[in-house]
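Please read the structure below before turning to the comments.
Keep in mind that what you see is a predicted model, and the values were worked out from it rather than measured.
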Amino acid sequence: MNKIFEIPLYAYERSPDQDAPAPVRHPVVVIGAGPIGLAAAIDLAQDDVPVVVLDDNDKVSFGSRAICFAKRPLEILDRLGCGHEMVEKGVKWDVGKVFFDTRKVFEFDLLPEEGHAFPAFINLQQYYFEEYLVNRVRELQDAGKPIEIRGKNKVEAIGTHDDHVKIEVATPEDSYTLEADWLIACDGAGSPTRRMLGLDFVGRVFEDNFLIADVVMEADFPTERWFWFDPPFNRGQSALLHKQPDGVWRIDLQLGWDIDPEEEKKPENVIPRLKAMLGEDVEFELEWVSIYTFQCRRMERFRHGRVIFAGDAAHQVSPFGARGANSGLQDTDNLVWKLKLVMDGTAPDALLESYDFERIQGADENILNSTRSTDFITPKSEMSRILRDAVLDLAEEHEFARPLVNSGRLSVPCTYDGSPLNTADALEDGPARTRPGAPCPDAPLGDDFLLPSLAGKFTLLTIDADAPDHFEESGIEVTRLALSVKDDKTLALKQRYLGVAPSAVYLIRPDQHVAARRESWNENIFRTAVRRATGQE
Amino acid sequence: MAELILTPNIDAPDDFYADLLAAHEGLSKTESDALNARLILVLANHIGDREALAQAITAASDQG
Ligand SMILES: Cc1cc2nc3c(=O)[nH]c(=O)nc-3n(C[C@H](O)[C@H](O)[C@H](O)COP(=O)(O)OP(=O)(O)OC[C@H]3O[C@@H](n4cnc5c(N)ncnc54)[C@H](O)[C@@H]3O)c2cc1C
């Protein structure tokens with residue numbers, strides 16, 4: 001049977017652009033049909049902004065790569081029309097176990113908070129993830145939305161101009177030139193766009209090598225995340241075992257920096273390692289093996305005139321904490337509504353500068369977290385190893401040491417504190433988790449949930465407060481969602497949005513982040529907040 | 001925020017010091033290093049306050 005990642009999903013087809021007498025201009029071109037490029041394109045096309053995605057390949061991700069997807073990206077995907085498919089196919093898990101040498105040190109339960117439409121995490125192969133995004137693209141096409149994926153279209157040169165970008169594309173038949181008002185570069189860690197524009201990374205570079213193996217087995221390991229420090233089958237290093245759909249298990253074996261990747265990848269070297277880990281008599285089949293070298297770094301700026309970088313092209317992190325694809329989806333979630341407002345002339349170009357501010361903040365947070373995990377997992381000095389081992393030894397008996405064990409802090413969305421789009425918090429003693437800049441937490445709403453009614457537009461969320469049902473400010477339409485704490489018997493709405501306040505009015509951005517909040521409606525203040533949230537103040 | 005105590009605060013300091021040495025008696029350098037590391041973590045948790053811990057790290061570093 002062919003694996004999904006071996007079938008061309010967007011095979012090369014000749015485009016009329018290739019035969020046009022002069023380069024055809026498109027409003028938006030996206031380079032890369034990875035998870036981030038596809039998400040960006042869907043987001044644009046849903047709102048009728050025409051978009052062309054170019055990819056030098058014609059298939060989904062080879063092998064599973066990313067497997068762990070967090071709540072926030074699933075909520076974003078829900079807005080893009082394909083969150084629930086992912087959850088239905090994905091494996092849900094809550095329990096993790098930590099081993100040190102031959103002992104189980106402790107186990108934890110993520111104890112996900114109630115009252116959210118989406119689980120804290122699912123495990124799903126990246127190839128399924130991308131397949132569902134491609135399916136969603138097809139669905140939009142069937143509905144007549146202006147979205148196109150061009151497979152085997154390799155970008156070879158980029159010319160930047162004040163008001164557009166020129167793109168040279170090679171296809172299996174010939175080369176052609178395209179123009180774009182805006183270019184979103186989602187061309188991955190090795191981003192040719194970055195290279196062609198002569199832009200480079202800043203920040204700390206850390207390297208380590210991992211043997212990543214996806215094995216198919218009928219094993220009765222439970223649906224849990226198992227992490228080993230210094231196990232007998234991988235001395236001095238770490239290991240991870242995690243379940244994916246279809247009886248596929250992800251195994252990560254840390255190899256250290258001083259290795260020969262080609263040697264390590266050979267089945268005769270991989271299989272004995274896996275047998276030592278899983279037990280001699282466990283039957284398994286290798287689906288995919290790869291040596292993965294990672295780095296923690298980001299571009300100095302993500303926006304360069306009409307070229308905007310997102311996903312791995314803009315930043316990379318270690319795999320601990322599953323922050324790669326998860327944070328890339330937050331990039332495009334942040335970018336697309338802003339770009340739409342700038343493109344239709346509603347908001348000034350300055351709004352796009354806030355993409356840099358907010359997503360660099362997000363990238364730095366991810367890099368900080370994954371660097372700390374790396375420092376714990378791979379101690380850099382004798383003393384850091386001694387301290388690390390002390391934490392693990394104590395954790396077995398003493399609960400206090402367990403929060404210090406860092407085998408990856410799982411991805412949570414960034415709160416854009418200090419963003420130029422925020423209006424100062426004016427809800428006295430309001431919950432910190434919904435302060436300006438924060439992503440709105442979900443809450444039950446009758447038989448449904450809150451987040452879908454906050455998606456893709458500016459919303460005035462009122463809880464036991466009066467306000468106009470609708471207003472317009474500087475070209476931005478704001479619609480009210482009027483709720484009462486009485487609507488939600490679980491009290492989640494009250495806990496998450498009111499705290500001790502008797503009422504609240506929230507201004508919420510199209511990406512479901514809070515822009516402003518106070519106890520009651522005030523026309524002047526909220527009009528100013530709308531202008532500020534759209535770069536007009 | 002608690003202020004780090006840097007004036008004498010241990011009851012019977014000689015007894016405490018003797019206990020500390022006794023805990024290390026007969027241990028190899030590796031075992032002693034591990035014991036010290038565990039001890040730091042246990043004490044740090046007892047203090048808990050981040051400000052006091054930061055001051056403690058500074059106070060200890062300044063003597064290096
Ligand atoms: C082993 C492993 C485990 C991981 N685990 C996780 C995890 O659990 N959770 C998580 O969130 N992330 C994880 N990641 C990270 C995740 O895979 C990446 O962050 C994610 O794929 C980034 O998506 P992207 O769209 O930015 O780039 P990519 O997926 O790399 O896509 C880039 C696309 O650009 C195309 N392209 C490149 N050059 C050109 C060109 N010149 N012209 C046209 N097209 C071009 C490529 O063909 C490709 O389709 C993991 C990664 C690895 C390797």
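More than 12 heavy atoms of other residues, nucleotides or ligands lie within 6.0 Å of CD in A/Glu107, so this atom counts as buried by the packing criterion.
Here A/Gln237 pairs with nothing under the side chain to side chain donor-acceptor pair (under 3.5 Å) rule; sequence neighbours left out. Checked against side chain to side chain contact (heavy atoms under 4.5 Å, CB included), A/Leu255 has the following partners two or more places apart in sequence or in another chain: A/Asn209, A/Leu211, A/Ile259, A/Glu264, A/Arg273, A/Ile291.
The minimum heavy-atom distance linking B/Asp33 with A/Ile386 is given by the pair O-CG2, 3.6 Å. Of all non-hydrogen atoms in A/Ala390 and B/Ala34, the two that sit nearest each other are CB-O, 4.4 Å.
Heavy-atom proximity under 4.5 angstrom to chain B picks out A/Leu394, A/Phe400, A/Leu404 from residues 394-407 of chain A.
No part of A/Asp389 comes within reach of chain B, as not one of its non-hydrogen atoms sits under 4.5 angstrom from that chain.
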Which pairs of donor and acceptor atoms, one on a side chain in residues 4-17 of chain B, lie under 3.5 Å apart (sequence neighbours left out)?
none

